[in-house]
Amino acid sequence: MSKIEMKTPLVEMDGDEMTRILWKYIKDELLLPFIDLKTEYYDLGLPHRNETDDKVTFDSAYATQKYGVAVKCATITPNAARVEEYNLKEMWKSPNGTIRAILDGTVFRAPIIVKGIEPCVKNWKQPITIARHAYGDVYKASEMKIPGPGKVELVYTAADGSQESVLVHEFNSAGIVQGMHNLEPSIESFAKSCFNYALDTKQSLWFATKDTISKKYDHTFKDIFQEIYDAEYKEKFEAAGIEYFYTLIDDAVARVMKSKGGFIWACKNYDGDVMSDMLSSAFGSLAMMTSVLVSPSGVYEYEAAHGTVQRHYYKHLAGEETSTNPVATIFAWTGALRKRGELDGTPELMTFADKLEKATIDTIEGGKMTKDLALITELSDVTVLNTEDFIKAIRSTLENM
Ligand code: NAD
């Protein structure tokens with residue numbers, strides 16, 4: 001059997017711990033036998049980030065800008081314990097943060113739906129994709145404890161020295177205060193990433209804020225989305241048969257619960273933080289969530305939403321059997337391969353990505369799965385497989401298709 005050709009390489013970002021082990025199994029069993037895989041390889045494993053003073057992370061992001069599509073393995077974000085464990089020169093920053101700062105994108109997270117692993121919300125039949133604005137608001141706020149009676153004002157000093165101020169509160173007791181901000185260019189690129197991704201995946205886009213209460217702050221988000229939609233996307237959305245729908249955040253939450261799914265929900269930073277964890281838990285498992293960073297210039301970086309599964313890695317190192325779920329990491333690869341195929345005009349690559357996803361889902365629906373899924377499935381005839389055997393089972397389904 002001849003292998004599927006690739007025109008342009010994918011940017012491959014290897015990672016850490018158990019997901020690094022999965023990475024190799026997936027390539028060896030599910031990709032290399034079928035594809036003449038072309039990648040430009042960057043080792044983002046913590047030891048190599050440390051050796052290169054984290055230069056490799058920056059290089060991988062620049063390569064992504066150049067080629068347009070990357071696939072990333074989960075990586076350790078160092079904390080004090082990791083500095084000691086890996087004898088690091090420095091507490092290197094989160095690779096995802098570095099990459100996101102260079103590509104300036106929005107992260108879209110979507111659950112992988114499998115029969116037998118049903119969402120807690122019965123009426124959700126299709127995935128709900130969350131898009132979280134990843135800049136500003138409460139995450140970049142300045143706060144103060146107010147010790148007692150007094151006045152708090154917001155003061156803006158323009159470049160020419162002129163000032164404008166507004167009263168926050170006249171305190172007659174102790175209290176607290178918070179000042180937060182956002183930037184129009186950041187909201188604009190968030191909006192564009194969302195509209196582009198909606199067109200790309202042919203799903204309607206919902207957006208919600210609390211603009212009735214926050215008449216300047218949240219209202220600006222609403223206005224920017226609407227202006228960009230009317231000027232640049234309305235016709236394209238109509239042609240694609242999808243819609244842009246704005247509502248209040250409380251109304252959105254109520255509608256999401258009653259919906260069938262199958263749309264993208266764009267959220268402000270805090271709403272996205274909270275709602276994405278609610279959705280991943282309600283859809284079943286963190287190990288079944290995919291994640292893609294889409295930049296406003298149309299660059300894509302695919303990954304699993306989960307981390308490096310540290311606990312399983314220590315078991316693996318101790319020679320014990322693990323049953324780590326590779327599904328989200330497989331879907332990171334298929335997402336990247338499909339996008340590469342689409343950009344390069346190589347439909348065989350896109351068909352292969354579809355087949356590998358179907359083989360993965362069929363394997364689980366046929367009762368073969370990892371332990372995390374066996375614990376939550378409603379299927380009765382279940383075989384729990386270890387990490388490697390589950391990947392081999394997917395290969396066998398794929399070969400029989
Ligand atoms: P984690 O996602 O690795 O694990 C969280 C929990 O979910 C654990 O109980 C784990 O057993 C379970 N789990 C997650 N993925 C699973 C899978 N594929 N199969 C079976 N069970 C799975 O998160 P954590 O433990 O908080 O972090 C571990 C490391 O991962 C940290 O060093 C952190 O910095 C890193 N991390 C990286 C990313 C990323 O690169 N995108 C994201 C989150 C965490």
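No hydrogens, no waters, no symmetry mates; every other heavy atom, side chains included, goes into these values. Whatever order the structure lists them in is the order used to number ligands and atoms, beginning at 1.
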Among side-chain atoms of [X] and [Y], is any donor-acceptor pair under 3.5 angstrom?
X	Y	answer
Lys72	Asn96	yes
Thr57	Thr98	no
Tyr313	Asp16	no
Tyr300	Asp200	yes
Glu227	Tyr229	no

Does an N or O anywhere in [X] fall below 3.5 Å from an N or O of ligand 1?
X	result
Thr75	yes
Ala304	no
Thr77	yes
Thr308	yes
Val309	yes
Asn325	yes
Glu17	no

Check [X] against ligand 1 and report side chain, backbone, both or neither, counting heavy atoms closer than 4.0 Å.
X	answer
Leu286	side chain
Lys72	side chain
Asn96	side chain
Arg311	side chain

Starting from atom 31 (C) of ligand 1, find the nearest protein heavy-atom neighbour and note its residue, name and distance.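 Sorting protein heavy atoms by distance from atom 31 (C) of ligand 1 puts Arg82 NH2, 3.9 Å first.
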heavy-atom search around atom 14 (C) of ligand 1 in the protein gives His306 CB, 3.8 Å
Within ligand 1, which atoms have a heavy atom of [X] less than 4.0 Å away?
X	value
Gly307	1 (P), 2 (O), 3 (O), 30 (O), 36 (N), 37 (C), 38 (C), 42 (C), 43 (C), 44 (C)
Ala287	16 (C), 17 (C), 18 (N), 19 (N)
Ala74	40 (O)
Glu303	41 (N)

Is atom 27 (O) of ligand 1 close to the protein, meaning a heavy atom under 4.0 Å from it? no
Protein contact for atom 12 (C) of ligand 1 (heavy atom, distance under 4.0 Å): no
| Residues, nucleotides or ligands: over 12 heavy atoms within 6.0 Å of Glu184 CD | no
Ring geometry between Trp206 and Phe263 (parallel below 30°, tilted from 30 to 60°, perpendicular above 60°): parallel
query: Can you name the one residue among Thr209, Asp137, Asp211 that meets side chain to side chain donor-acceptor pair (under 3.5 Å) with Tyr217?
result: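 The passing option is Asp137.
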Check: So is Lys236 actually on top of Tyr233's ring, under 6.0 Å and inside 45° of the axis?
Finding: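 Yes.
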Do Lys268 and Phe221 meet the cation-pi criteria used here (NZ or CZ under 6.0 Å from the six-membered ring centre, within 45° of the axis)?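 Here Lys268 passes the 6.0 Å and 45° test against Phe221.
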**Item:** Presence of salt bridge, Arg109 and Asp277, under 4.0 angstrom
**Value:** yes
